[in-house]
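Inspection log for the structure reproduced underneath, given as structure tokens.
Ligands are counted one by one from 1 in listed order, and the atoms in each one are counted from 1 as well.
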Amino acid sequence: MATDRAALLKAFDESRTGVRGLVESGSGVSSVPDLFVHPDPYASAPLAPPGISIPIVDLSLPAPLAARGGGGGGRPQLGLLPPQRAALYGRDAAGGGGVNYYSNIDLYRSPAASWRDSIRVELDPNRRPDPFRMPHACLADVPGWDAHATAVARAVLGLLSEGFGVAPPELEEMSCLEGKVMFCHYYPACPEPERTVGIVAHTDAGVLTVLAQNGVGGLQVKHTDADGRDQWVDVKPVPGALVINVGDLLQIMSNDKYNSVEHRVIMNAQDKARVSIAIFFTPGKKGDSVLYGPLPELVSSGNPPKYRNFTMSEFLETILRARPCEQGLN
Ligand SMILES: O=C(O)CCC(=O)C(=O)O
Ligand SMILES: [Fe+2]
């Protein structure tokens with residue numbers, strides 16, 4: 001049985017066309033193939049009652065998102081043809097010239113695959129993607145989107161720093177916005193949405209995530225109510241709004257003043273694909289002499305550090321060992 005699964009995974013991976021390829025193949029799929037079936041995917045916690053929603057903050061940045069970039073409303077599209085997807089297919093970030101397309105980063109490690117394909121684009125200024133591998137549709141839009149998402153991340157990180165009493169430039173001076181990677185996720189319409197998930201529950205590992213989603217919905221965050229009960233809250237798509245996630249590193253740096261939020265993407269019965277574009281911000285300084293941990297200003301004898309200091313290599317190693325999916329790491 002296990003060998004069957006391994007062989008099926010390999011065949012799926014070697015088709016190099018992802019879940020989208022399954023859905024768009026001549027005969028399509030009328031059920032979720034076994035590889036993608038999650039046992040009882042929605043059992044972990046109930047949905048929040050209506051009325052509980054995610055706060056929306058108007059940052060009044062100088063220009064709205066839709067005014068940025070070129071075609072496609074300023075957002076990169078995943079409108080790649082199967083041969084283009086196959087040519088970019090592969091999980092080896094180092095060998096991919098900074099642009100990779102694949103289905104499920106953790107395909108061979110997770111107990112069940114998720115209903116999602118992704119394209120990963122390196123945005124680190126020192127490791128720009130190979131323009132010849134960059135999908136044509138992304139070439140024009142990515143720089144504008146990167147600049148805009150970074151401006152939003154800078155504004156939010158500044159406000160969060162003020163919130164815990166640290167001068168706004170400090171985290172940026174620590175290079176917190178310099179390690180950048182973009183993931184565009186494509187969640188095809190699903191014939192049996194209750195049997196699989198788009199992305200399993202996780203927290204983002206880095207400092208901050210800035211995410212744009214199309215109108216399909218499915219993103220949920222876990223909220224613990226005053227009585228300690230967990231509930232999943234829908235992050236409903238709001239035109240022009242971006243979703244900001246606090247990541248594990250910011251939780252650590254804030255000594256738990258901010259929590260990295262657990263989230264997931266569920267499938268729904270709509271016949272439209274969900275598309276999301278996330279930029280993950282992590283520290284750019286990764287050398288072994290650079291330590292990260294709770295900011296010294298935030299710890300005292302009354303509030304001792306909840307984490308020890310560590311290098312980025314230590315952090316990445318721990319995360320890679322412990323996680324089902326390594327979202328947002330570069
Ligand atoms: O597609 C989404 O809305 C969520 C994606 C996500 O959580 C991630 O890439 O870490
Ligand atoms: Fe995430």
Side-chain angles (χ1 to χ4, degrees), residues 18-20 38 41-42 44 53-54 56 65 75-78 91 93 100-107 109-110 113-123 145-146 149 152-153 156 179-190 193 196-223 232-251 258-268 270 272-282 316 319-320 322-330:
V19 184
R20 185 168 182 178
H38 289 242
Y42 302 120
S44 71
S53 60
I54 302 294
I56 301 175
L65 175 66
R75 291 159 201 213
Q77 307 288 312
L78 269 189
R91 277 178 201 80
N100 296 84
Y101 180 80
Y102 50 77
S103 184
N104 284 253
I105 182 90
D106 52 351
L107 187 71
R109 285 176 287 124
S110 60
S114 298
W115 204 251
R116 172 184 89 256
D117 303 327
S118 311
I119 185 163
R120 176 191 188 282
V121 178
E122 190 71 66
L123 295 179
W145 169 237
D146 176 11
V152 172
V156 172
K180 289 189 267 188
V181 64
M182 179 176 92
F183 283 83
C184 305
H185 299 300
Y186 186 89
Y187 305 87
C190 183
T196 189
V197 299
I199 196 164
V200 293
H202 66 282
T203 56
D204 293 345
V207 175
L208 272 189
T209 308
V210 176
L211 178 128
Q213 54 175 334
N214 71 352
V216 169
L219 177 62
Q220 297 182 325
V221 297
K222 199 188 255 181
H223 172 256
W232 287 105
V233 180
D234 287 322
V235 183
K236 295 215 169 75
V238 174
L242 298 171
V243 177
I244 312 287
N245 291 340
V246 167
D248 297 344
L249 273 173
L250 189 54
Q251 169 166 347
Y258 297 127
N259 287 327
S260 63
V261 66
E262 199 175 336
H263 55 283
R264 69 182 185 183
V265 172
I266 63 164
M267 301 313 303
N268 59 46
Q270 290 196 44
K272 278 205 230 90
R274 167 182 172 75
V275 179
S276 69
I277 301 163
I279 295 191
F280 296 92
F281 293 87
T282 46
L316 296 177
I319 291 277
L320 292 181
R323 300 206 150 208
C325 61
E326 55 266 26
Q327 288 320 116
L329 290 175
N330 53 339

- Task: Start with the C-alpha distance between M267 and Y187, add both sets of side-chain angles, then the distance that settles side chain to side chain contact (heavy atoms under 4.5 Å, CB included), and finish with yes or no.
- Result: CA-CA 8 Å; M267 301 313 303; Y187 305 87; 4.2 Å; yes

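- Residue contacts with ligand 1, taken as heavy atom pairs separated by less than 4.0 Å, do not involve A278 at all.
- A cation-pi arrangement, defined by a distance under 6.0 Å to the six-membered ring centre and an angle within 45 degrees of its axis, is present between R20 and Y186.
- When heavy-atom distances to ligand 1 are checked against a 4.0 Å cut-off, N245 has no atom that comes that close, whether in backbone or side chain.
- Between the choices R264, R120, H263, R116, the shortest heavy-atom distance to atom 7 (O) of ligand 1 belongs to H263.
- Under 4.0 Å from ligand 1, the heavy atoms of L211 that appear belong solely to its side chain.
- Here the angle at the Fe ion (ligand 2) defined by NE2 in H202 and NE2 in H263 stands at 90°, rounded to 10 degrees.
- Interface of S276 with ligand 1, defined as ligand atoms under 4.0 Å from a residue heavy atom, comprises 1 (O), 2 (C), 3 (O).
- Per-residue contacts place V265 under 4.0 angstrom from the following atoms of ligand 1 (heavy atoms of the residue considered): 1 (O), 2 (C), 3 (O), 4 (C).
- To the nearest 0.5 Å, atom OG1 of residue T209 and atom CG of residue L242 are 12.0 Å apart.
- Distance check: R91 CZ to S103 OG gives 7.0 Å after rounding to the nearest 0.5 Å.
- Of the heavy atoms in I199, only side-chain atoms (C-beta onward) come closer than 4.0 Å to ligand 1.
- Close contacts between ligand 1 and R274 involve ligand atoms 1 (O), 2 (C), 3 (O) [criterion: under 4.0 Å to a heavy atom].
- Judged by distance alone, with hydrogens and angles left aside, the side-chain atoms of H185 form no donor-acceptor pair with the main-chain N or O of F183 at under 3.5 Å.
- Heavy atoms only, all atoms of each residue included: A212 and W145 are closest at CB-CH2, 3.9 Å.
- Looking at D204, its N, O or S atom nearest to the Fe ion (ligand 2) turns out to be OD1.
- Heavy-atom contacts of H185 reach the following atoms of ligand 1: 1 (O), 5 (C), 8 (C), 9 (O) (cutoff under 4.0 Å).
- How far CG of D204 is from CD of E262: 11.0 Å, rounded to the nearest 0.5 Å.
- For the side-chain contact (heavy atoms from CB on, under 4.5 Å) test with L208, the passing option among I279, L249, V156, T282 is V156; the others fail.
- Below 4.0 Å from some heavy atom of Y187 lie the following atoms of ligand 1, by number and element: 1 (O), 2 (C), 4 (C), 5 (C).
- Panel note: side chain Q220, backbone A201; no donor-acceptor pair is recorded below 3.5 Å.
- No part of F183 comes within 4.0 Å of ligand 1, judged by heavy-atom distances.
- Atoms of ligand 1 lying under 4.0 Å from at least one heavy atom of F280, given by number and element, are 8 (C), 9 (O), 10 (O).
- Residue Q213 places no heavy atom under 4.0 Å from ligand 1.
- Summarising the geometry, atom CG belonging to D146 is positioned 3.5 Å from atom NZ belonging to K180; distances are rounded to the nearest 0.5 Å.
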